[in-house]
Amino acid sequence: MASITVRNLEEGLKRRLRVRAAENGRSMEEEVRVILRTALYCQPQAQQDLAAAIRARFAPLSGVELDIPPRSPMRQTPRFD
């Protein structure tokens with residue numbers, strides 16, 4: 001197994017790591033391994049376009065039927081002769 005050393009770690013970050021490790025009943029070193037495994041082995045979610053994301057968000061709420069008003073004929077474009 002390989003080893004790495006992380007230098008210049010902010011004190012606040014180290015403190016949060018220590019607390020998180022204690023909450024999970026692990027050493028700080030094992031907690032870092034778990035964090036790295038989770039970050040690097042998880043498959044990123046496939047990104048969808050904005051319209052698909054909005055549709056997926058509101059689909060469970062059902063839809064609303066709207067009356068579409070009839071269109072009037074297009075006006076004539078002005079001529080510049």
Side-chain angles (χ1 to χ4, degrees):
M1 287 220 158
S3 296
I4 63 170
T5 301
V6 179
R7 299 184 198 290
N8 300 321
L9 193 63
E10 295 91 7
E11 194 58 41
L13 188 59
K14 182 180 176 185
R15 186 175 29 244
R16 289 180 64 184
L17 179 62
R18 185 181 309 118
V19 169
R20 179 176 165 160
E23 288 172 346
N24 292 318
R26 296 189 272 254
S27 67
M28 284 177 51
E29 190 173 319
E30 181 60 25
E31 191 67 25
V32 170
R33 282 191 214 100
V34 169
I35 292 169
L36 288 173
R37 262 188 234 111
T38 303
L40 299 176
Y41 287 148
C42 291
Q43 295 294 326
Q45 292 181 351
Q47 291 187 344
Q48 46 182 294
D49 62 355
L50 181 60
I54 292 170
R55 200 175 306 114
R57 170 68 75 126
F58 289 100
L61 303 176
S62 286
V64 175
E65 294 298 323
L66 300 174
D67 292 328
I68 299 175
R71 299 180 101 179
S72 57
M74 289 179 41
R75 66 181 177 90
Q76 292 293 327
T77 56
R79 296 184 56 119
F80 299 102
D81 295 334

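Residue numbers run from 1 in the order of the sequence given.
From Arg20, atom CZ reaches atom CZ of Arg26 across 7.5 Å, with rounding to the nearest 0.5 Å. The CZ atom of Arg55 lies 10.0 Å from the CG atom of Leu50; values are rounded to the nearest 0.5 Å.
In the hydrophobic clustering of ILVMFWY residues, with side-chain heavy atoms under 4.5 Å counting as a link, Val32 and Met28 come out together. Residues Val19 and Leu13 do not share a hydrophobic cluster, defined by chaining ILVMFWY side chains whose heavy atoms lie under 4.5 Å apart. Note: the hydrophobic cluster containing Val6 does not contain Met1 (ILVMFWY, side chain heavy atoms under 4.5 Å, direct or indirect links).
Counted within 6.0 Å of CZ on Arg16, heavy atoms from surrounding residues, nucleotides or ligands total 12 or fewer; the atom is thus considered open.
Within the 4.5 Å cutoff, the side chain of Ile35 has heavy atoms near those of the Leu17 side chain.
Between Ala21 and Ser27, the shortest heavy-atom contact is CB-O, 3.7 Å.
We find that Arg33 and Glu30 are joined by a salt bridge, their nearest charged nitrogen and carboxylate oxygen being less than 4.0 Å apart.
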